[in-house]
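What follows is one structure encoded as structure tokens, with my remarks underneath.
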There are 2 protein chains.
Amino acid sequence: MKLNQETQQQKSSRKKTADERRQDILEAAINIFTKKGYNGSTTAEIARAAGVAEGTIFRHFATKKELLIAVLTPKILNGIISLDKEHKDPVEFFRCFLRDRLELIKENEGLVRFMFAEAQYHNEVREALFNGILGQGISIVKPWFDKGVKEGVFKPVPFPSMMRSFMGTVLFYGIFNHVFPGFSPEKTIEEAADQILDLFLHGLLVE
Amino acid sequence: MKLNQETQQQKSSRKKTADERRQDILEAAINIFTKKGYNGSTTAEIARAAGVAEGTIFRHFATKKELLIAVLTPKILNGIISLDKEHKDPVEFFRCFLRDRLELIKENEGLVRFMFAEAQYHNEVREALFNGILGQGISIVKPWFDKGVKEGVFKPVPFPSMMRSFMGTVLFYGIFNHVFPGFSPEKTIEEAADQILDLFLHGLLVE
DNA sequence: TTTGTAAGTGAGTAATCACTCATAAAGAGT
DNA sequence: ACTCTTTATGAGTGATTACTCACTTACAAA
């Protein structure tokens, strides 16, 4: 039936389903939020960008804050998918993991910056970050880190300190290019990933 | 004459000078801004916190944005002071520099977080960060890094990549504790500085 | 004392905000 | 055709915003 309807009408003028409208609003919200920040964005502007009336937003999301949370939640969760690969050793895992995260950050650069900016002010965003990024990051990295330590490949540094340094360098890669444009010398993500990983694994000192 | 006036009146009820009022407003603005963000703060609230009328703010600062810039500028510039010490070798410099910056960040934790958050949205803040933190950081660190490379102590990695990783770990130390409270294991700044520096200099790998 | 000037004040203002609601439109079921 | 339900709409609303301005206050110079 539904397929029949779609073929009866031109695709461009086809009436959109409720879910499609919801998606339009979410995408518009991401665009506006990441450009102007949560408090700097207005529901009127988001509605205009989504091509809907302002009232439509509040039919899908009770409040502006609920829209914020809806913007963050799914994007955080889809970061976990790529851990299904089998890695040979801890170093190899770190290399793959780093590249994977760097690509994810590059793809969602605006959203990452937005999340960390708004985390300063909204408890909800902090919780989303904690439950999403940090929690999942730990559950993925920790076993490989422990394995590396047990095998004598990694130094037995405190895991939180290691994780903090690692996440700091990785996340700042995305932020740097926006705050200090043109500063990073690497042309490709692979190049940047290699540079970051090399420094992280071997350190700055010779020997 | 002025001294005479001050002694004639109780210090607590003494009429404040224009500069003192300006300082009151700036301090109040820092407090409110760092808690609620630029767009989340109102001039009315800042005025209340500063103990002045709302109109007084606009006698000292033409617009709210001018107040924002005034809040950022002096704080950025006072970070440069401590480079007057003589350091023996590049490694020793990095140790001192890291501790110094970590303490500076800890003291102005809210402001640092605020600056990086608002840098996502305001060009003025980005420029202030670039001219202040990054520019000065480079001018201080680069000579020592070059020296270390020339002496064969440091690896000849690209300076911007090194700087980005270094700043990432250092700056994220302050942000982490706020976004992920209770995550960092170190009790003191010295401990954290040692941990960060060790990982940064020697890397995670054994050997 | 008088006067001139710089600084402080807070009610007022136009604009803007998130959110509401009466109304309309469009299927789906009968 | 008729009704029921779901969804979209945008003018309207009260609250809030950054900023103004007519007025006051305090003090220094004359």
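Note that these values count all heavy atoms, side chains included, but never hydrogens, waters or copies made by symmetry. The sequence lines fix the lettering, A, B, ..., with proteins before strands; numbering per chain opens at 1.
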A/Leu68 CG to C/dC19 P, straight-line distance once rounded to whole Å: 12 Å
By nearest heavy atom, map B/Ala53 and A/Lys64 onto DNA chain C; which one lands nearer the 5' end? B/Ala53
Just the rounded figure in Å: distance from P of C/dC19 to CD of A/Glu45. 16 Å
Interatomic distance, A/Arg59 CZ vs D/dT5 P [rounded to whole Å]: 15 Å
I'd like to know if A/Arg113 and A/Glu109 make a salt bridge, using a cut-off of under 4.0 Å between side-chain N and carboxylate O. yes
Would you indicate which nucleotide in C/dT9, D/dT9, D/dC19 comes nearest to any side-chain atom of A/Thr56? D/dT9
Using whole Å, what does the distance between atom P of nucleotide C/dA18 and atom NZ of A/Lys36 come to? 12 Å
Within less than 4.0 Å of OP1 or OP2 of D/dA8, is there a side-chain N or O belonging to A/Arg21? yes
Whole angstrom value for the distance that separates P of C/dG8 from CD of B/Glu20: 11 Å
Quick check against the 3.5 Å criterion: does B/Lys106 have a side-chain atom that pairs as donor or acceptor with the backbone of B/Arg101? no
Please step through side-chain hydrogen bond (donor to acceptor under 3.5 Å, both in side chains) for the pair A/Ser184 and B/Arg164, ending with a clear verdict. CA-CA 8 Å; A/Ser184 294; B/Arg164 189 186 57 209; 2.8 Å; yes
Check ion pair A/Glu45-A/Lys35 (N to O, under 4.0 angstrom): no
Taking the six-membered ring for Trp and the single ring otherwise, decide whether the centroids of B/Phe94 and B/Phe154 are under 6.0 Å apart. yes
Give the rounded distance in Å between these two atoms: CG of B/Leu67 and P of D/dC19. 10 Å
Which whole-number value in Å describes the distance from B/Arg48 CZ to D/dT16 P? 12 Å
Phosphate OP1/OP2 of D/dT7: any A/His60 side-chain N/O under 4.0 Å: no
With the side chain of A/Phe58 defined as its heavy atoms from C-beta on, choose the nearest nucleotide among C/dT20, C/dT9, D/dT9. C/dT20
Measure CG/B/Asn39 against P/D/dA18 and give the value in whole Å, please. 9 Å
Test: A/Lys155 and B/Asp198 ion pair at under 4.0 Å: no
Dot-bracket, 5' to 3', for DNA chain D please: Watson-Crick or G-U pairs under 3.5 Å, [ ] where pairs cross earlier ones, | where the partner sits on another strand, dots elsewhere. ||||||||||||||||||||||||||||||
Measure from the side chain of A/Glu54, starting at C-beta and using heavy atoms only, and say which of D/dC19, C/dA18, C/dA22 lies closest. C/dA18
May I ask you to check whether B/Phe116 and A/Phe172 place their ring centres under 6.0 Å from each other? yes
By the 4.0 Å heavy-atom rule, please label A/Thr42 as base, sugar-phosphate, or nothing. sugar-phosphate
